[in-house]
Amino acid sequence: MKKSIIIFIITVCFKSFSQNIKCEIIDYSKTLDGIEYSTYQYVNSSYSYSRPLMLLITDKKTFMEIYHKIPKLFLSKQEYTDIWILGIKDFNQVNSSLDSNKKIIDFFIERILKYRHNNGLPIYEKLQLYSNAIYLKNSDELCNYLVCK
């Protein structure tokens, strides 16, 4: 009986103090310098301090096709716990250096850095996020970066 009570207390404490985070934030149709864009953040983390992230940048059409697939993909184990997607209207990787697109990407990356800082997560360097950003041309490329069943 005593062992059962101790096991019960340990289990309750473990469940009470464990860190399970699951959230989804979608911002549709924002505008910066006359260019429309949308953002999406998905977090599915258990007991992970590092919370590795994946940054996807694409056009608005592809954004609308892929953002709702992300939670379903997390039914299987993923390497990343945080997924950030930026969809810019009429975006392609060739024009990503245009001042207006670069300004939107900068703003989005600053938002990611602020979120991580405010939540006590390891900080990435801005240049690191730029170099790790994945530019998707279409929705079929998503499974190249996330585990799809």
Engineer: Is I85 reachable from I25 through a run of hydrophobic residues whose side-chain heavy atoms are each under 4.5 Å from the next?
Structural biologist: no

Engineer: Would you find more than 12 non-hydrogen atoms of other residues, nucleotides or ligands less than 6.0 Å from Y115 atom OH?
Structural biologist: yes

Engineer: Minimum heavy-atom separation for M64 to H68, with atom names?
Structural biologist: O-CD2, 3.5 Å

Engineer: Consider only side-chain heavy atoms of I, L, V, M, F, W and Y, link residues closer than 4.5 Å, and tell whether Y42 and Y28 are in one cluster.
Structural biologist: yes

Engineer: Nearest 0.5 Å, what's the CD1-CD distance between I66 and E141?
Structural biologist: 9.5 Å

Engineer: Determine whether the side chains of K30 and S38 contain a donor N or O and an acceptor N or O closer than 3.5 Å.
Structural biologist: no

Engineer: Any idea which heavy atoms bring L73 and L142 closest together, and the distance?
Structural biologist: CD1-CD2, 3.8 Å

Engineer: Considering non-hydrogen atoms only, spot the tightest contact between F63 and L86 and give its length.
Structural biologist: CD1-C, 4.3 Å

Engineer: Are L53 and I112 side-chain neighbours, meaning at least one heavy-atom pair lies under 4.5 Å?
Structural biologist: yes

Engineer: I would like to know whether H117 and I123 meet side-chain contact (heavy atoms from CB on, under 4.5 Å); could you show each step before the answer?
Structural biologist: CA-CA 6 Å; H117 174 71; I123 304 296; 3.7 Å; yes

Engineer: Nearest 0.5 angstrom please: D59 CG to K89 NZ, how far?
Structural biologist: 11.5 Å

Engineer: Please determine whether side-chain contact (heavy atoms from CB on, under 4.5 Å) holds for the pair I57 and I105, giving the CA-CA distance in whole Å, both sets of side-chain angles, and the decisive distance to 0.1 Å.
Structural biologist: CA-CA 8 Å; I57 301 173; I105 294 169; 4.0 Å; yes

Engineer: Quick check: do Y37 and T31 have side-chain heavy atoms less than 4.5 Å from each other?
Structural biologist: no

Engineer: Quick one: does any side-chain atom of R116 pair with a main-chain N or O of R51 as donor and acceptor, under 3.5 Å?
Structural biologist: yes

Engineer: Determine the minimum heavy-atom distance between L136 and Y145, stating which atoms define it.
Structural biologist: CD2-CE1, 3.7 Å

Engineer: If you measure from CD1 on I70 to CD on Q41, what distance do you get to the nearest 0.5 Å?
Structural biologist: 12.5 Å

Engineer: Measure the shortest side-chain to side-chain distance between S139 and K61 over non-hydrogen atoms and say whether it is less than 4.5 angstrom.
Structural biologist: no

Engineer: Apply side-chain contact (heavy atoms from CB on, under 4.5 Å) to the pair I88 and I35, showing each step before the final yes or no.
Structural biologist: CA-CA 7 Å; I88 304 173; I35 296 182; 3.7 Å; yes

Engineer: Nearest heavy-atom pair of W84 and D82: which atoms, and what distance?
Structural biologist: NE1-CB, 4.0 Å

Engineer: Just by distance, with hydrogens left out, do E24 and Y67 show a side-chain donor and acceptor under 3.5 Å apart?
Structural biologist: no

Engineer: Does D33 pair with K103 as a salt bridge, N-O distance under 4.0 Å?
Structural biologist: yes

Engineer: Does any N or O in the side chain of N119 come within less than 3.5 Å of the main-chain N or O of L121, such that one atom is a donor and the other an acceptor?
Structural biologist: no

Engineer: With L55 as reference, evaluate F108, Y135, Y124 under the side chain to side chain contact (heavy atoms under 4.5 Å, CB included) test and give the passing residue.
Structural biologist: F108

Engineer: Distance check, rounded to the nearest 0.5 Å: T39 atom OG1 versus I26 atom CD1?
Structural biologist: 9.0 Å

Engineer: Say you draw a straight line from CD of E125 to CD1 of I109; how long is it, rounded to the nearest 0.5 Å?
Structural biologist: 12.0 Å

Engineer: To the nearest 0.5 Å, tell me how far K69 NZ sits from L146 CG.
Structural biologist: 11.5 Å

Engineer: Taking the side chain as every heavy atom from C-beta outward, state whether T62 and K137 have any pair of such atoms under 4.5 Å apart.
Structural biologist: no

